[in-house]
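I have placed the structure first, in the form of structure tokens, so that the comments after it can refer back to it.
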Amino acid sequence: MAQKPKVDPHVGRLGYLQALVTEFQETESQDAKEQVLANLANFAYDPNNYQYLRQLQVLDLFLDSLSEENENLVEFAIDARVPM
């Protein structure tokens with residue numbers, strides 16, 4: 001199982017989401033990618049996170065994940081409920 005991102009607890013929501021995006025982009029582990037994308041999808045359910053997700057281009061990350069061969073990544077990207 002993937003480890004939690006190494007984030008200073010005082011960085012706030014934006015910093016935490018940035019750490020997740022960075023981990024997703026840098027990890028070679030498919031399990032870690034799945035866990036991180038699932039976490040980002042969960043954050044997408046909260047409209048208060050939209051500004052951060054947009055700033056970090058997480059919407060593009062979800063769209064890019066739709067073309068992955070890993071079916072779990074595709075499923076997590078589809079499950080993300082981003083307010084429009």
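These numbers come from a predicted model, not from an experiment. As a basis for the values below, the full set of heavy atoms in this structure was taken, side chains included, without hydrogen atoms, waters or symmetry mates.
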Only pairs under 3.5 Å count here: list side-chain donor-acceptor contacts from residues 61-71, not counting sequence neighbours, and write none if there are none.
residue, atom, partner, partner atom, Å
S65, OG, L61, O, 2.9
S67, OG, D64, O, 3.0
N70, OD1, N72, N, 2.8
N70, OD1, L73, N, 3.2
N70, ND2, Q30, OE1, 2.9
N70, ND2, E34, OE2, 2.9

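- Inter-residue side-chain proximity for L59 and Y50 is flagged as met; some heavy-atom pair is nearer than 4.5 Å.
- Atom CD of E28 and atom NZ of K33 lie 7.5 Å apart (nearest 0.5 Å).
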> Please walk me through it: do L20 and F43 pass side-chain contact (heavy atoms from CB on, under 4.5 Å)?
Replying inline: CA-CA 11 Å; L20 287 175; F43 274 100; 4.0 Å; yes
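- The CZ atom of F24 sits 12.0 Å away from atom CG of N39, with the distance rounded to the nearest 0.5 Å.
- Not counting sequence neighbours, the partners of R13 by the side-chain contact (heavy atoms from CB on, under 4.5 Å) test are L17, D46, N48, N49, Y52.
- Linking Ile, Leu, Val, Met, Phe, Trp and Tyr residues whenever their side-chain heavy atoms come within less than 4.5 Å leaves V58 and V74 in two separate clusters.
- In this structure, CG on L53 lies 11.5 Å from CG on D60, to the nearest 0.5 angstrom.
- Not a single side chain to side chain donor-acceptor pair (under 3.5 Å) links T27 to another residue, sequence neighbours left out.
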